[in-house]
Participant: 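After the structure tokens below, expect a handful of questions from me.
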There are 2 protein chains.
Amino acid sequence: MVTIRDIAERAAVSVSTASRALNNNPRISRETRLRIQSIATEMGYQPNYNAKTLTNGEANAVGVIFPPGDMSTAANPFFVDLLMGINTQLRLRNAVLSVAIANTTEELTKNVLALISQSLIHHFILLYSKANDPVVELLKSQGVQYVLVGDPTQDNERYVNNNNRLAGAKALEYLNRHFNSRHVLFVESEMEQGFEKQRRLGFESAAQQLGVKRELLKLPDKAMQHLDQAVAQYLDNRRDIDGIMTTDDLIGMMVYQLTRQQLNRQVPLISFNKSQSNILIGDQVRFVELYPQHMGEAAVRVLFSETKQFEMLPFTIEKV
Amino acid sequence: MVTIRDIAERAAVSVSTASRALNNNPRISRETRLRIQSIATEMGYQPNYNAKTLTNGEANAVGVIFPPGDMSTAANPFFVDLLMGINTQLRLRNAVLSVAIANTTEELTKNVLALISQSLIHHFILLYSKANDPVVELLKSQGVQYVLVGDPTQDNERYVNNNNRLAGAKALEYLNRHFNSRHVLFVESEMEQGFEKQRRLGFESAAQQLGVKRELLKLPDKAMQHLDQAVAQYLDNRRDIDGIMTTDDLIGMMVYQLTRQQLNRQVPLISFNKSQSNILIGDQVRFVELYPQHMGEAAVRVLFSETKQFEMLPFTIEKV
DNA sequence: CTGTTAGCGCTTTCAG
DNA sequence: CTGAAAGCGCTAACAG
């Protein structure tokens, strides 16, 4: 392992000079700075971040906090992309990614506390939001930085998000404009995540504006024996539906097939959250791309920004 | 921050004694050891792991390596559960979880190298496997420990896995026994992940043994415009199919609906990887539960075991 | 602009 | 069984 000492020696300077040079301290002459840096890369120097953390009192790691078990399904397909985005930004800053994840809020809290006090992590990204969350309390009481991915529940909370309401509205407009939909069904799950609600609100207001007739179908929370039959029947009673919006891909797929089968025609459909599956596809299928990877990147930017309180990310409507 | 010094002081012993006591060093009398430990908990002592790592030369962190971008879709719904399992075990050992994730293998390799040389992480869990992987080369050349989640590609590689072959066989037997299936369709994706292949092999051998007629349908890799219609037609040509096995839930759902629609009856179906969705459901639907959370736990156990080379995890067949 | 030195919190010889 | 002291790699006064 090549240390800062080795470099100092080789460059015939003191360790402090070496340290400063490597950290771009302006007090070092440009000349020696560059010389030392080139020696460092030449020797394959890799700073020991544990030593750094020990002296700085602050880790180069960012903690990513997953939802506790009981709500972990929420944004599932998103997570990998989010992590990807977060980590690309972290790597640019020579930081690393730690995760906190547990089945219960209690365990999760312990986990986060351990990261704070044992690893000296002072920066967190929270992948869920709920009211009165003990984890958030902890973060605040420990005075560490965090940003939320999703809908903020408190004032003065830093976050990144999509404008789900706008997306809901635009999606409906899209259906109306491109497929001439005049009677649109909005399908959501029972659990009423914040983002679903926003999308519905956007959908509703746009429908009203455009004079589009709207239907609302809430799928039961728990698995239901004959869900598909129930949906089929529902559709059968509304045979002139000519557009569908669903809050996720999977639901989208089911409904899509059922409509084809039940109404005996293809109904234009727009869904959120294109999942990795490449199954839901067709001429009249669209989805709202939310760019989870970009959200991850934005989260890191906000986290390390001095001033920025939030970032609202763009979305697009795409053919599959 | 309460340090080991504070404890030593309060206990009227030297720091070295305190250190030894806290690390259960047998050279300390049981008596003082307990006394010091109780003082520590009383004072809410949390060891600084950066300092520990600095002296030990080895971190208390485990690196979890995600598949590079181009293969990340593979086990997607699994990941969160895996992380959950891994982390519960890590927390028991007072270890923390770091992740390496990147879009390209090259970036990923850099990421892992950074973890090894900058954070001194010497233990890794690899969430994918492919032949001649540079990341694996790196792990080996750096002499760090790792275990693989999935099919090992090299001899002498430590891993945890499901017996996918057995699972494929058992699943077919189940269909045959419980639903009296005599003509079964196996649906797989084009990308031919290792586990899919194993499941198919199991399926095939069991079918042969039981004298069950078998069909194989490989879904195209890329999205296809009228995939569902193609599948529908495929089914139409094999109208006496009386059992289906799919390698994942999503495909399962599509095929399930298509069969109902096309064949006008319910065909018993068994799928792998129950995803978080609660949509695929019915009297004649089963899935093979692989307990990803347990796999995560097992991975940690193998990683820290001196002797264990692998763990093969049980599966069960469940009603939804 | 650069060097000397102390010290971050912990473990581990080496001495008793 | 316990203590004193050195040192892990790095940064940051302080002093030139």
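In what follows, every chain begins at residue 1, and chains take the letters A, B, ... in the order their sequences are listed.
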Participant: Restricting to side-chain contact (heavy atoms from CB on, under 4.5 Å), what partner residues turn up for A/N60, sequence neighbours left out?
Facilitator: A/Y49, A/V96
Participant: Looking just at side-chain N and O atoms, do A/S38 and A/T41 make a donor-acceptor pair shorter than 3.5 Å?
Facilitator: no
Participant: How close or far is atom P of C/dC8 from atom CD of A/Q118, stated in whole angstroms?
Facilitator: 20 Å
Participant: Which salt bridge (charged side-chain N to carboxylate O under 4.0 Å, His left out) pairs, counting each pair once, include a residue from residues 290-311 of chain A, with sequence neighbours left out?
Facilitator: A/R301-A/E311, A/K308-A/E311
Participant: Take atom CZ of B/R30 and atom C1' of D/dT2, then tell me their distance rounded to the nearest Å.
Facilitator: 19 Å
Participant: Taking any heavy-atom pair under 4.0 Å as a contact, classify A/T32: base, sugar-phosphate, or nothing.
Facilitator: sugar-phosphate
Participant: In terms of relative ring orientation, are B/F66 and B/F79 parallel, tilted or perpendicular, with 30° and 60° separating the classes?
Facilitator: perpendicular
Participant: So, B/E58 and B/K52, do they make that salt bridge, N to O below 4.0 Å?
Facilitator: no
Participant: How would nucleotides 9-16 of chain C be written as a contact map, 5' to 3', with B for base contact, S for sugar-phosphate-only contact and - for no contact, using protein heavy atoms under 4.0 Å?
Facilitator: BBBBBB--
